[in-house]
Amino acid sequence: MQMRLEVVQVPVSDVDRSKAFYTDKLGFVLDHDVEHIPGMRVVQLTPPGSGTSVVIGTGMTTMAPGSLEGLQLVVPDIAEVRSELVGRGADISEIQDLGGVLFAYFSDPDGNRWVMQGQTSQDLRDEHRP
């Protein structure tokens, strides 16, 4: 059996505002923006280099806008990526070192909370293997 998580829905209140945030401030790639049936708009966005996309839109979920937490983006160089995103106008927290693993946090315009994690070194991963 094989299963891949490829799309995660993110509940938003204003699709166009959120689409602009994800593309302009975070650099996500716009895969498509379609309305196949009346009242159901599907906007799929993919973080650069990711195999998983997010979907925002209308008529797809009952989750309240801003209720999603903990989506995690893993980046090879957190300082570099944070700097680029801040330069694009994204409000990203300072980097925190949590036991050798680096994290920064941000929210989209509705308050959906994201985590950015610096890629964990092989030495640290080996140290914590059973």
Side-chain angles (χ1 to χ4, degrees):
M1 180 185 326
Q2 182 180 13
M3 292 184 227
R4 294 186 315 260
L5 178 64
E6 293 190 1
V7 180
V8 175
Q9 289 187 25
V10 176
V12 301
S13 61
D14 183 325
V15 177
D16 291 319
R17 177 183 69 175
S18 294
K19 177 181 164 183
F21 171 80
Y22 286 104
T23 57
D24 299 344
K25 293 193 178 181
L26 297 184
F28 284 25
V29 175
L30 174 63
D31 300 320
H32 60 261
D33 182 347
V34 296
E35 188 172 355
H36 290 295
I37 58 174
M40 185 176 185
R41 180 178 175 192
V42 179
V43 179
Q44 183 169 318
L45 306 141
T46 303
S50 180
T52 303
S53 302
V54 297
V55 169
I56 59 174
T58 56
M60 296 182 297
T61 183
T62 58
M63 286 187 289
S67 64
L68 197 59
E69 314 185 352
L71 289 177
Q72 198 155 324
L73 299 169
V74 178
V75 299
D77 184 332
I78 194 168
E80 180 182 310
V81 173
R82 181 187 178 280
S83 178
E84 180 176 335
L85 297 181
V86 168
R88 290 170 160 263
D91 184 15
I92 312 283
S93 75
E94 293 296 323
I95 296 170
Q96 298 177 7
D97 184 334
L98 301 178
V101 183
L102 305 177
F103 293 92
Y105 307 90
F106 64 92
S107 296
D108 73 6
D110 282 293
N112 293 299
R113 297 186 330 189
W114 289 77
V115 177
M116 187 167 45
Q117 176 188 334
Q119 190 168 349
T120 307
S121 71
Q122 186 63 48
D123 292 342
L124 189 59
R125 288 194 315 232
D126 290 344
E127 188 177 310
H128 293 282
R129 286 214 164 112

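Numbers here are sequence positions counted from 1.
If you chain together hydrophobic residues whose side chains sit under 4.5 Å apart, Trp114 and Leu5 fall into the same group. Cluster annotation: Val115 and Leu73 are assigned to distinct hydrophobic clusters (Ile/Leu/Val/Met/Phe/Trp/Tyr, side-chain heavy-atom contacts under 4.5 Å, transitive). At a threshold of 4.5 Å between side-chain heavy atoms, the hydrophobic network of Ile, Leu, Val, Met, Phe, Trp and Tyr places Val15 and Leu45 in one connected group.
The list of salt bridge (charged side-chain N to carboxylate O under 4.0 Å, His left out) pairs with a residue in residues 54-78, not counting sequence neighbours, reads Glu69-Arg113. For the salt bridge (charged side-chain N to carboxylate O under 4.0 Å, His left out) condition, the pairs that include at least one residue of residues 41-51, sequence neighbours left out, are Asp16-Arg41, Asp33-Arg41.
Residues passing the side chain to side chain contact (heavy atoms under 4.5 Å, CB included) test with Met60, sequence neighbours excluded: Gln9, Met40, Val42, Val55. The side-chain hydrogen bond (donor to acceptor under 3.5 Å, both in side chains) check on Thr58 picks up nothing, with sequence neighbours excluded. For Asp110, the side-chain hydrogen bond (donor to acceptor under 3.5 Å, both in side chains) test picks out Ser13, Arg17, with sequence neighbours left out. Residues that satisfy the side-chain hydrogen bond (donor to acceptor under 3.5 Å, both in side chains) test with Thr46, not counting sequence neighbours, are Asp31, Ser53. Under the side chain to side chain contact (heavy atoms under 4.5 Å, CB included) criterion, His36 pairs with Val34, not counting sequence neighbours. Shown here are the side chain to side chain contact (heavy atoms under 4.5 Å, CB included) partners of Pro48, two or more places apart in sequence or in another chain: Phe28. Considering only residues two or more places apart in sequence or on other chains, Glu94 meets the side chain to side chain contact (heavy atoms under 4.5 Å, CB included) condition with Arg82.
Taking each heavy atom of Val12 and Gly57 in turn, the nearest pair found is CG2-N, 4.4 Å. In terms of heavy atoms, Ile78 sits closest to Met116 at CD1-O, 3.5 Å. Contact record, Thr61 with Pro11: CG2-CB, 4.4 Å, taken as the closest heavy-atom pair. Across all their heavy atoms, Gln119 and Val74 have their closest contact at CA-CG1, 4.1 Å.
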Note to self: Using side-chain contact (heavy atoms from CB on, under 4.5 Å), reason through Leu26 and Phe106 one step at a time and then give a plain yes or no.
What the structure shows: CA-CA 10 Å; Leu26 297 184; Phe106 64 92; 3.6 Å; yes

Notebook entry, point to check: Would Tyr22 and Val10 satisfy side-chain contact (heavy atoms from CB on, under 4.5 Å), going step by step from the backbone distance to the final call?
Noted result: CA-CA 11 Å; Tyr22 286 104; Val10 176; 3.7 Å; yes

Next item on the list: Take Phe21 and Ile56, measure what side-chain contact (heavy atoms from CB on, under 4.5 Å) needs, and give me the verdict at the end.
Entry: CA-CA 12 Å; Phe21 171 80; Ile56 59 174; over 6 Å; no

Side-chain donor/acceptor pairs under 3.5 Å, residues 83-93, sequence neighbours excluded:
unit_1	atom_1	unit_2	atom_2	d
Arg88	NH1	Asp24	O	2.7
Ser93	OG	Tyr105	N	2.8

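In this structure, Val29 shares a hydrophobic cluster with no other residue, the cluster being traced through Ile, Leu, Val, Met, Phe, Trp and Tyr side chains under 4.5 angstrom apart.
Using a 4.5 Å cut-off on side-chain heavy atoms (C-beta onward), Leu71 and Asn112 make no contact.
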